[in-house]
Enquirer: 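Okay, here's the structure, questions in a sec.
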Amino acid sequence: MIEYERKVLNNGLRVIVHEDKSTPLVAVNLLYNVGSKYEDPQKTGFAHLFEHLMFSGSQNVPDFDEPIQKAGGESNAFTNSDITNFYEILPVENIETALWLESDRMRSLVCGKKELKIQQKVVIEEFKETTLNLPYGDVWHTISGNAYKKHPYRWPTIGLIPEHIEKARLEDVLEFYNSYYLPNNAILTISGNIEPDRAFELVEKWFGRIPAGEVKSSNWEQEEPQRQHIKLETRSDVPLRSLYLNFHMSDRYHNDFYVCDVISDILSGGRSSRFYQHLLKDQELFSYIDAYITGTVEPGLFLIEAKPHDKIEIEEGIQAIWKELNALKNGEIEEQELEKVQNKIESSLVFSEVNNLNKAINIAYFEMIGDVSLINKQSELYRNVSINDIRKVAQKIFTLDNCTEIIYLPKE
Amino acid sequence: MENLRKYGPPIHTIEQVSLPKYNFCTLDNGVPLYSISQGTQEIIKIEVVFQSGRTYEQKKVVSRACNNQIKEGSSRMSSRQIVDHVDYYGASIRTGENLDSCSISLFCLTKHFEILLPILREVIMEPLFPEDELRKYIQTNSERLKIELVKNDVIAYRTITESIFTKEHPYGYNSEISDYGALLREDLVQHYENNYGANNCFIFLSGMVKDEHIAACNRFFGNGFRTANPREKIPQLIDPHPEKLIIESDKDFQTAIKLGRRVFDRNHADYPGLYVLNSILGGYFGSRLMSNIREDKGYTYNIYSEVDVMKHDGLLLIGTEVNADFAEKTIDEIFRELRLLREEPIGIEELDMVRNYLLGRILNFIDGPFNSGRLLKSIVLSGLDENYFNNLVHTIKHVTTENLNVLANRYLNEDNMWLVRVG
């Protein structure tokens, strides 16, 4: 149970504070409701490039990192298809340094040509390091590009191609900043050794006078249901064959989200899971197999990823996976197995609450999807998933027509 | 308010940093148990550690394989039964290995601790090492290694560590697919019998630890555990002359660059000072390498330096991945930064920033029960005492520019650095 207090400033900034007296530190988390799905299809990767630019300085802060390091803290950020999230973790005595820095870059970012040019280079190197340089590194491009035809989830957050990042101009930076980096498009959460009233007072002091603005409205096309099995083989510079099956699933708001998450755990959550026990250990088909969900706000994907052993035919591996999926569609699940998965989820939720930064990020996330109180209902929502729910959802999503099958083969 | 916004709020220096209170006792059979009770969640971790790393090996990669396979079946339970039972309680058993030691941990809610402890006992005290499980382990590891071996960064890391310590040294050799292939069940059994026993064991408890948990540890680990016969081969000190190695790659990837050298073992008096110096060089986001090569030149996404100290030796390593066109320039800039640290005093403002930053990082080390437990474990296993921690904090607060300059001249000379470039 995470206790919190919530307040909305006059400029629309939502603030949520969780007090944890057991730590000398505090985590300050600022979530902006903008991710790569808000991008121009011709200029993908921009939200993430912009995240880098947020560290280049603001009106009163020539160097963002120096004050935070002086205050004994660390700062970082991440971007995904839905959100851009910034955070600081530092000794609680210095919380105002974090609020100063975050508020200053919310009210008056300064970014010149030089900063833009350098971060374009840095991000292109990041693109290479995390995507182009690694075996299977471009798989996310292949999966999203094939599973989504209309929705902006069709390009990954890092961007479709490095050239899109090279194209960014200073005008784009300014426009993006004015369209999304507004108090009324942000959620500030604080988790650590501070009383909520004191935290609200300090937040009011630093953020209260930043004017609200008009958030650019976005209307992206919804994906139509997939009606045909997609099969794709690609040869590239990979050492082993690799197989990906993905299925369209619900959005984050629907109860099916919890059912799908439970299914992914039945299939591959830990060493007692079905995939691990049946396919890896008993049948010895794969050296690696995993099932997971993308967890996006809008309709996401259920993914299965596997690397068959050298002597195994790919088709044999695929059939074995379908056999496991069919068992779920037939409702072949023991009460005790479901209970095990629910116990695991419950304890991982408890374990995740050890860390204040985790708590701050999670609180902000649930507020963003519409209801912060959901954070304390997660365990129950997972508990409520029944064998019948699993059977029904499995029948709905695990069909050939809803499946995209991608195979990576080594070059001959 | 305008002035406050212009210059920023006053920054408070961290005055007090001390190791959290911990409890020490010995179980009935002499096994030392350290515990830290901290945090707000009803969770607990027990980690059982054996000094059974590479210096205790009779055969390559056996230390890692033996510890990994310990959870794959015991005299009364199969691998499957063990994991079914543990998973049912939402708990997990994890094995972990480094160059010097190996450990088996159990994470669970406190209410399940006493139910699960007998299973952990059986896993650790009565492993079977089934032949068939080992065969699967070898196959899976060989295929994983194949994937790793196409990465320039991995090739560079393997090349430089092997060059610094040599192939014959337990810290220097790289695991090869053939090493896994050569493993036999008897090798694992022998490694287990030599090294796993009450006389070579440490237990660490962290989380919301109560007396009843410690008593339960004594019930399950304080008796009936065999005596081990660990024989350590103290590695020979070999110090080959550093070279510059260039490995061509036909792949159109970024170039991986590593620079490194031997330093010293973890008990060396220069460690706390080098910890600070390394931070300035490349140990945090605001470090000189990051500021120059990423934030000013944009040559790379990441560049770091680290000091890795083990029981018998240690190394300093600088690493990055860059576009091939920038590789030479990057290497020049790294050498320039090393020279600046040797030749020019570090400014007071920069040094003060690093002091504060590192004190904050140390607060993070002791935030939450598992972080504190990890710190306590590393101190105990290094044979250090509380003074070590206090000494580190003291050095961070008081080390001088002159001290750091002496260390830079001792450890950051170009002539003593290996250089590996892959790509």
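Below, chain A is the first sequence line, B the second, and so on; all start at residue 1. All values derive from a computational prediction rather than experimental measurement. Hydrogens, waters and symmetry mates are skipped; everything else that's a heavy atom, side chains included, is used.
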Enquirer: Which of the residues A:E353, A:K121, A:Q277 is involved in the greatest number of heavy-atom pairs with chain B at under 4.5 angstrom?
Expert: A:Q277
Enquirer: At a heavy-atom separation under 4.5 Å, does B:Y7 approach chain A through its side chain, its backbone, both, or neither?
Expert: backbone
Enquirer: Kindly compute the distance separating CD (A:E284) from OG1 (B:T140), expressed to the nearest 0.5 Å.
Expert: 8.5 Å
Enquirer: Which atoms of B:K136 are under 4.5 Å from chain A, going by heavy atoms: the side chain, the backbone, both sets, or neither?
Expert: side chain
Enquirer: Can you tell me which portion of B:L363 sits under 4.5 Å from chain A's heavy atoms? Options are side chain, backbone, both or neither.
Expert: both
Enquirer: Check step by step if side chain to side chain contact (heavy atoms under 4.5 Å, CB included) holds for B:R5 and A:V61.
Expert: CA-CA 9 Å; B:R5 183 168 284 287; A:V61 182; over 6 Å; no
Enquirer: Below 4.5 Å from any heavy atom of chain A, which atoms of B:E133 appear? Answer side chain, backbone, both or neither.
Expert: side chain
Enquirer: Is it the side chain or the backbone of A:S56 that comes within 4.5 Å of chain B heavy atoms, both, or neither?
Expert: neither
Enquirer: Given heavy-atom pairs under 4.5 angstrom as the criterion, report whether the side chain, backbone, both or neither of B:R355 touches chain A.
Expert: neither
Enquirer: In terms of heavy-atom proximity below 4.5 Å to chain A, should B:Q81 be classed as side chain, backbone, both, or neither?
Expert: neither
Enquirer: Counting C-beta onward and ignoring hydrogens, is there a side-chain heavy-atom pair between B:T300 and A:V122 closer than 4.5 Å?
Expert: no
Enquirer: Take A:W206 and B:M1, measure what side chain to side chain contact (heavy atoms under 4.5 Å, CB included) needs, and give me the verdict at the end.
Expert: CA-CA 9 Å; A:W206 290 102; B:M1 186 67 199; 3.6 Å; yes
Enquirer: With a 4.5 angstrom heavy-atom cut-off, is it the side chain or the backbone of B:R135 that approaches chain A, or both, or neither?
Expert: side chain
Enquirer: Looking only at non-hydrogen atoms, find the nearest pair between B:P369 and A:V354 and report the distance.
Expert: CD-CG1, 4.1 Å
Enquirer: A:N133 versus chain B, heavy atoms under 4.5 Å apart: side chain, backbone, both or neither?
Expert: both
Enquirer: Just so I understand: if I count every heavy-atom pair under 4.5 Å between each of A:L90, A:L101, A:D310 and chain B, which residue has the most?
Expert: A:D310
Enquirer: Would you say the side chain of A:Q69 lies within less than 4.5 Å of the side chain of B:Y284, judging by non-hydrogen atoms?
Expert: yes
Enquirer: Taking all non-hydrogen atoms of both residues, which atom of A:A71 and which atom of B:I11 are closest, and how far apart?
Expert: CA-CG2, 3.8 Å
Enquirer: Using non-hydrogen atoms only, which part of A:F127 is less than 4.5 Å away from chain B: side chain, backbone, both, or neither?
Expert: neither
Enquirer: Between A:K21 and chain B, with a heavy-atom cut-off of 4.5 Å, which part of the residue counts as in contact: side chain, backbone, both or neither?
Expert: neither
Enquirer: Hey, does A:N76 have a side-chain heavy atom less than 4.5 Å from the side chain of B:F285?
Expert: no
Enquirer: Between A:D104 and chain B, with a heavy-atom cut-off of 4.5 Å, which part of the residue counts as in contact: side chain, backbone, both or neither?
Expert: both
Enquirer: For a quick test of reading the model, state the closest non-hydrogen atom pair linking A:N343 to B:Y88 and the distance between them.
Expert: ND2-O, 2.7 Å
Enquirer: For the atom pair CD1 (B:I43) and OG (A:S352), what is the distance rounded to the nearest 0.5 Å?
Expert: 9.0 Å
Enquirer: What part of B:K151 lies closer than 4.5 angstrom to a heavy atom of chain A: side chain, backbone, both or neither?
Expert: side chain
Enquirer: Please find the pair of heavy atoms, one from A:P239 and one from B:I147, that lie closest to each other, and give the distance.
Expert: CG-CA, 3.6 Å
Enquirer: Where does B:N141 contact chain A at under 4.5 Å (heavy atoms): side chain, backbone, both or neither?
Expert: neither
Enquirer: Do B:E349 and A:K70 pass the side chain to side chain contact (heavy atoms under 4.5 Å, CB included) test, and can you show the C-alpha distance, the side-chain angles, and the key distance before you say yes or no?
Expert: CA-CA 9 Å; B:E349 204 174 326; A:K70 268 190 190 154; 3.6 Å; yes
Enquirer: Could A:E126 and B:R294 be called an ion pair, given the rule that one side-chain N must be under 4.0 Å from one carboxylate O?
Expert: no
Enquirer: Which atoms of A:L240 are under 4.5 Å from chain B, going by heavy atoms: the side chain, the backbone, both sets, or neither?
Expert: side chain
Enquirer: By a 4.5 Å heavy-atom criterion (distance strictly below it), what part of B:L4 contacts chain A: side chain, backbone, both, or neither?
Expert: both
Enquirer: For B:D84 and A:S272, work out which heavy atoms get closest and say how close.
Expert: OD1-CB, 3.2 Å
Enquirer: Name the option with the most non-hydrogen atom pairs under 4.5 Å to chain B; the candidates are A:E96, A:K128, A:K114.
Expert: A:K128
Enquirer: Does the pair A:E74 and B:Y357 meet the rule for a side chain to side chain contact (heavy atoms under 4.5 Å, CB included), with working shown?
Expert: CA-CA 8 Å; A:E74 296 241 27; B:Y357 168 74; 2.8 Å; yes
Enquirer: Picking from B:E295, B:R361, B:H85, which has the most non-hydrogen pairs under 4.5 angstrom with chain A?
Expert: B:E295
Enquirer: Does a side chain donor of either B:S79 or A:K281 reach within less than 3.5 Å of an acceptor in the other side chain?
Expert: yes
Enquirer: Counting only heavy atoms closer than 4.5 Å, note whether A:Q336 contacts chain B via side chain, backbone, both or neither.
Expert: both
Enquirer: Who wins among A:K340, A:H309, A:K344 for the most heavy-atom pairs under 4.5 Å with chain B?
Expert: A:H309
Enquirer: Could you tell me which non-hydrogen atom of A:R271 sits nearest to which non-hydrogen atom of B:D87, and how far apart they are?
Expert: N-OD2, 4.1 Å
Enquirer: Could you tell me which portion of B:N152 (side chain, backbone, both or neither) has an atom closer than 4.5 angstrom to a non-hydrogen atom of chain A?
Expert: neither
Enquirer: Relative to the ring of B:Y301, is the ring of A:H52 parallel (under 30°), tilted (30 to 60°) or perpendicular (over 60°)?
Expert: tilted
Enquirer: Measuring heavy-atom distances to chain B, does A:E66 have an atom under 4.5 Å in its side chain, in its backbone, in both, or in neither?
Expert: both
Enquirer: Between A:R241 and B:E143 (salt bridge meaning N to carboxylate O under 4.0 Å), is one present in this structure?
Expert: no
